[in-house]
Number of protein chains: 2
Amino acid sequence: MQMKTGVEQSVYAILILNMLPDKAVLPGEAISQQLGASPTYFQKLLRKLVSANLITSVPGVKGGFKLRKKAEDIRIYDIYLAIEGQQSLYSSSGVMHGMLDLEEEGCCLLTDLMQEAESSWQTVLKRQTIASLYEEINVGYQPKVQLLQQWIKEKMVM
Amino acid sequence: MQMKTGVEQSVYAILILNMLPDKAVLPGEAISQQLGASPTYFQKLLRKLVSANLITSVPGVKGGFKLRKKAEDIRIYDIYLAIEGQQSLYSSSGVMHGMLDLEEEGCCLLTDLMQEAESSWQTVLKRQTIASLYEEINVGYQPKVQLLQQWIKEKMVM
DNA sequence: ATAAAGTGGATAATTATTATCCGCGTTATA
DNA sequence: TATAACGCGGATAATAATTATCCACTTTAT
Ligand code: FES
Ligand code: FES
């Protein structure tokens with residue numbers, strides 16, 4: 001039970017896109033290179049982010065990706081959801097059904113508990129946004145962020 | 001990112017063992033049959049529960065498994081831990097390291113957040129115990145539980 | 001002695017995740 | 001208008017995680 005690495009990559013990808021000037025766009029391959037991710041698979045992840053309306057894509061020669069929402073409106077949870085899908089962490093196999101010979105469903109006590117735990121988990125991931133995460137990184141690693149900004153200026157297209 | 005089905009099976013297995021009279025023991029195969037689990041793999045799960053000191057095993061002809069702790073002292077989280085292991089839900093691949101060119105570790109902002117979320121999740125799973133779960137099932141499905149009790153009396157050995 | 005259990009290791013089957021390829025549509029620009 | 005740089009989607013392969021089976025072994029009641 002491990003979160004997909006795609007979630008981490010996506011978060012940092014969006015963090016990069018957040019540093020992009022308005023109207024500018026960054027090619028997927030540049031991003032995947034910066035993250036050290038496999039370019040082809042990373043495109044698939046970007047597609048999921050597009051489907052989730054977190055970023056937009058521009059095809060064609062000066063194409064690429066950019067944010068669709070404001071950084072304040074992108075919660076870490078949204079990114080998680082885009083990549084991992086909406087299925088819950090726990091899904092009952094109906095063990096209790098067979099055990100107690102129940103006809104109807106909607107019973108599983110464990111499901112209730114697990115759902116509550118997951119909600120509690122989600123709450124934390126809904127608190128932090130790309131904006132707040134960027135804030136933290138910026139105060140903690142400003143010089144490095146400058147370099148990243150520089151790199152973005154080189155790779156972006158308008 | 002799905003919890004292993006072994007967690008569900010283990011919870012119900014322990015719930016069954018909890019209904020066992022003191023000194024009695026239930027063979028692993030009987031349990032797996034009741035749960036509809038694959039017998040050989042389910043033995044592996046039972047082993048993990050033994051290793052985690054949640055249940056004890058008795059070898060030999062009148063052998064089987066029984067609880068090691070009191071139902072009040074077995075949290076759902078303990079069972080989760082026994083089956084899934086102690087690794088956290090999220091583990092950083094160091095994407096931020098490569099991105100910002102950091103030497104040392106202990107940085108990842110996402111790791112902190114994810115850890116907080118996971119703690120929050122764990123808290124819920126630490127609240128409920130086998131005792132409280134059994135309580136709930138007992139009030140909700142008493143007649144069915146009677147039948148299960150009956151079955152246990154048939155299958156147990158002392 | 002024998003049979004019924006658990007144990008541990010090796011291995012296979014299945015499923016989920018990650019990765020690659022290729023042909024296509026779109027768009028700036030030469 | 002041709003071309004090159006990009007994103008898109010489907011098919012497919014490689015890898016890893018999970019689930020499942022088998023077997024030789026130890027333990028113990030009868
Ligand atoms: S056994 Fe889980 S929903 Fe019924
Ligand atoms: S990038 Fe996550 S710990 Fe440094």
Side-chain angles (χ1 to χ4, degrees), chain A residues 1-10 13 17 23-33 35-52 54-66 68 80 82-85 87 89-91 93 95 155-158, chain B residues 1-10 13 17 20 23-33 35-52 54-66 68 80 83-85 87 89-91 93 95 155-158:
Chain A
M1 195 194 190
Q2 283 272 149
M3 193 176 299
K4 299 186 200 175
T5 70
V7 175
E8 182 180 5
Q9 294 173 337
S10 298
L17 291 182
K23 302 288 177 79
V25 118
L26 202 52
E29 188 161 348
I31 308 175
S32 70
Q33 224 168 335
L35 298 182
S38 104
T40 55
Y41 183 56
F42 186 68
Q43 286 278 344
K44 307 286 189 192
L45 296 178
L46 287 171
R47 288 299 306 134
K48 292 191 180 194
L49 298 176
V50 170
S51 295
L54 300 179
I55 67 179
T56 44
S57 63
V58 178
V61 62
K62 278 193 169 179
F65 298 88
K66 63 182 172 190
R68 172 152 192 170
Y80 161 80
I83 301 300
E84 292 269 351
Q87 70 192 334
L89 267 40
Y90 171 85
S91 84
S93 316
V95 169
K155 295 293 187 173
M156 74 184 186
V157 294
M158 309 204 56
Chain B
M1 193 195 191
Q2 283 272 149
M3 193 176 299
K4 299 186 200 174
T5 69
V7 176
E8 182 180 5
Q9 295 173 337
S10 297
L17 291 181
L20 207 55
K23 303 289 177 78
V25 117
L26 202 52
E29 189 162 348
I31 308 175
S32 71
Q33 223 168 336
L35 298 181
S38 104
T40 56
Y41 183 56
F42 186 67
Q43 286 278 347
K44 307 286 189 192
L45 296 178
L46 287 172
R47 290 299 307 135
K48 293 191 179 193
L49 298 177
V50 171
S51 295
L54 301 179
I55 66 179
T56 44
S57 63
V58 178
V61 61
K62 276 192 170 180
F65 298 88
K66 64 182 171 189
R68 171 150 192 173
Y80 161 81
I83 301 301
E84 293 268 351
Q87 71 192 334
L89 267 40
Y90 172 85
S91 85
S93 317
V95 169
K155 295 292 187 174
M156 75 184 185
V157 294
M158 309 203 55

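Convention: sequence-line order gives letters A, B, ...; per-chain numbering from 1.
- Side-chain nitrogen and oxygen atoms of A:T5 include at least one within less than 4.0 Å of the OP1 or OP2 phosphate oxygen of C:dT18.
- Taking atom CD of B:E29 as the reference point, atom P of D:dA20 lies 15 Å away to the nearest angstrom.
- Mapping B:F42 and A:M1 onto DNA chain D by nearest heavy atom places A:M1 at the nucleotide closer to the 5' end.
- Note on B:G60: a base of the nucleic acid sits closer than 4.0 angstrom, heavy atoms only.
- Within 4.0 Å of B:V58, counting heavy atoms only, lie sugar-phosphate atoms of the nucleic acid but no base atom.
- For the pair A:Y41 OH and D:dA13 P, the computed distance is 18 Å after rounding to whole Å.
- Residue A:G28 is in sugar-phosphate contact alone, with no base atom involved, counting any heavy-atom pair closer than 4.0 Å across all strands shown.
- With rounding to the nearest 0.5 angstrom, the CE atom of A:M156 is 13.0 Å from the NZ atom of A:K23.
- The nearest whole Å value for the distance from the NZ atom in B:K48 to the C1' atom in D:dA20 is 13 Å.
- Residues A:V157 and A:Q2 both approach DNA chain D. Their nearest nucleotides, taken by heavy-atom distance, put A:V157 toward the 5′ side.
- Distance NZ (A:K44) to P (C:dC22): 13 Å, rounded to an integer number of Å.
- Counting any heavy atom pair closer than 4.0 Å across all strands shown, B:G6 reaches no nucleic acid atom.
- Rounded to a whole Å, the CG atom of B:L45 is 15 Å from the C1' atom of C:dT7.
- As rounded to whole Å, 12 Å separates atom C1' of D:dG9 from atom CD of A:Q43.
- Taken to the nearest 0.5 Å, the CD1 atom of B:I31 stands 5.5 Å off from the CZ atom of B:F42.
- When the nucleotides C:dG6, C:dT26, D:dA20 are ranked by their closest atom to the side chain of A:P59, C:dT26 comes out on top.
- Between the C1' atom of D:dA5 and the NZ atom of A:K155 lies a distance of 14 Å, rounded to the nearest Å.
- To the nearest 0.5 angstrom, A:E84 atom CD is 5.0 Å from A:K4 atom NZ.
- When the C1' atom of C:dG9 is taken as reference, atom CZ of B:R47 falls 13 Å away, rounded to whole Å.
- Between B:L26 and A:V61, the residue anchored closer to the 5' end of DNA chain C is B:L26, taking for each the nucleotide with the nearest heavy atom.
- Using a 4.0 Å heavy-atom cutoff across all strands shown, B:M158 reaches no nucleic acid atom at all.
- The two residues A:R47 and A:S57 have their closest heavy-atom pair at NH1-OG, 4.4 Å.
- No more than 12 heavy atoms of other residues, nucleotides or ligands shown are found within 6.0 angstrom of CD on B:E29.
- Using a 4.0 Å heavy-atom cutoff across all strands shown, A:S57 reaches sugar-phosphate atoms only and no base atom.
- At D:dT19, none of the side-chain N or O atoms of B:T40 fall inside 4.0 Å of OP1 or OP2 (strictly under the cut-off).
- Residue side chain B:K62 does not reach the base of C:dG6 through any donor-acceptor N/O pair under 3.5 Å, judged by distance alone.
- Here the straight-line distance linking atom CZ of A:F65 with atom CD1 of A:I55 works out to 5.5 Å at 0.5 Å rounding.
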